[in-house]
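So the structure is just underneath, and the comments pick up after that.
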Amino acid sequence: MNIQNIRDLYDYNYWANRHLLNMAEKVTPEQFIASSSHSFSSLQGTLVHTLDAEWSWRLLLQGQGFPGEMKAVDFPTVGAIRERWQEEEQAMRSYLDSLRDADLTGMVRYQGDAGVLRERLLWHCLFHVVNHGMQHRSEAASLLTTYGQSPGDIDFTVFLNERAAHQ
């Protein structure tokens, strides 16, 4: 794994996020907050959780520890989530730009669930953020599809094909 591989994964991550947000803007306010059986209760909750995880992990990796959790109620619209996610994308890209290949094998130590000390390679943590996001993007995509607003294919290979077509 090298820093360019990580940047590619984050390019994909933000491409996929934009696809979801574009379709989420088409649902009704009632659909946006409607309870579901998915892990974060609603489309709103799922999107906010995914954003929160990216923000929290970036702060942890920058040595600031895990912050308090974002609350869905603080993001009443898709536009509010999009605006905050754009800020987070810029901050994450700046952080990634500060890294070199050698940094990726550095150890990250933090307290996880129930106070258990965890040790991970930095690149494992960075990969986790993208992979975690994919899990919750798939839940959001399922909800969007139920609401008649499927984001379509958000596979990594589709992203690569689109990127190649625009180069």
Side-chain angles (χ1 to χ4, degrees), residues 1-25 39-40 43-72 74-75 78-141 151-167:
M1 186 65 65
N2 64 45
I3 193 60
Q4 187 54 54
N5 296 148
I6 296 292
R7 285 187 189 111
D8 289 342
L9 289 172
Y10 278 81
D11 287 346
Y12 162 70
N13 187 60
Y14 294 119
W15 171 89
N17 287 346
R18 282 189 289 280
H19 274 276
L20 287 178
L21 292 170
N22 289 345
M23 298 315 290
E25 286 179 329
S39 55
F40 289 90
L43 178 58
Q44 175 193 35
T46 302
L47 293 172
V48 171
H49 170 74
T50 309
L51 167 59
D52 177 68
E54 289 184 23
W55 171 65
S56 296
W57 275 96
R58 180 183 54 80
L59 291 179
L60 175 76
L61 299 176
Q62 291 179 309
Q64 299 177 45
F66 282 124
E69 196 171 317
M70 289 181 176
K71 307 247 184 297
D74 294 331
F75 298 90
V78 176
I81 295 171
R82 181 186 297 274
E83 183 178 318
R84 180 62 185 86
W85 224 324
Q86 288 171 338
E87 293 169 9
E88 184 52 38
E89 178 180 349
Q90 289 177 338
M92 180 62 87
R93 288 184 185 279
S94 292
Y95 170 63
L96 295 176
D97 287 344
S98 76
L99 299 174
R100 302 294 165 250
D101 289 345
D103 297 325
L104 297 177
T105 56
M107 292 302 292
V108 176
R109 292 170 181 82
Y110 61 95
Q111 268 192 333
D113 298 336
V116 175
L117 180 63
R118 303 279 186 214
E119 292 186 349
R120 302 281 189 264
L121 293 173
L122 175 59
W123 82 264
H124 290 171
C125 296
L126 291 167
F127 178 78
H128 166 71
V129 172
V130 175
N131 192 59
H132 177 266
M134 194 65 241
Q135 173 188 346
H136 295 299
R137 278 191 295 273
S138 67
E139 292 173 339
D153 291 334
I154 55 173
D155 293 335
F156 184 66
T157 192
V158 174
F159 157 73
L160 292 174
N161 292 343
E162 281 191 23
R163 185 169 72 173
H166 292 100
Q167 290 179 342

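Numbering starts at 1 and runs along the sequence shown. No experiment lies behind these values; they were computed from the predicted model shown.
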Straight-line distance of [X] [atom1] to [Y] [atom2], nearest 0.5 Å:
X   : Y    : atom1 : atom2 : answer
M92 : L59  : CE    : CG    : 9.0 Å
E87 : L51  : CD    : CG    : 9.5 Å
M1  : I6   : CE    : CD1   : 4.5 Å
L96 : L104 : CG    : CG    : 9.0 Å

Using every non-hydrogen atom in the two residues, find where [X] and [Y] come nearest and quote the distance to one decimal.
X    : Y    : value
A24  : V78  : O-CG2, 3.6 Å
I154 : Y12  : O-OH, 2.7 Å
G133 : T50  : CA-CG2, 3.8 Å
N5   : N2   : N-OD1, 2.8 Å
R137 : A16  : NE-CB, 3.4 Å
T46  : H136 : CG2-O, 3.4 Å

- Task: Output, in order, the C-alpha distance, side-chain angles, deciding distance and verdict of side chain to side chain contact (heavy atoms under 4.5 Å, CB included) for L21 and L47.
- Result: CA-CA 9 Å; L21 292 170; L47 293 172; 4.2 Å; yes

Determine which pairs satisfy side chain to side chain donor-acceptor pair (under 3.5 Å) with at least one residue from [range], sequence neighbours left out, and list them in order.
range            : answer
residues 91-101  : R7-D97, D11-R93, E89-R93
residues 153-167 : D8-R163, W15-E162
residues 52-63   : N13-E54, Y14-E54, N17-E54, E54-W85, R58-Q62, R58-E88

Quick one: side chains of residues 120-129, donor-acceptor pairs under 3.5 Å with protein atoms, not counting sequence neighbours, listed by atom name and distance.
none

Determine whether V130 and Y10 make a side-chain contact, defined as any pair of heavy atoms from C-beta on separated by less than 4.5 Å.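 Yes - at least one pair of side-chain heavy atoms lies under 4.5 Å apart.
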
- Does any donor atom in the side chain of H132 or Q135 lie under 3.5 Å from an acceptor atom in the other side chain?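 No - no donor-acceptor pair under 3.5 Å links their side chains.
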
What residues form a salt bridge (Lys or Arg N to Asp or Glu O under 4.0 Å) with R82, not counting sequence neighbours?
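Residues passing salt bridge (Lys or Arg N to Asp or Glu O under 4.0 Å) with R82: E25.
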
Q | Results of side chain to side chain contact (heavy atoms under 4.5 Å, CB included) for A72 - residues two or more places apart only | A |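 For A72, the residues satisfying side chain to side chain contact (heavy atoms under 4.5 Å, CB included) (neighbours in sequence not counted) are Q44, V48.
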
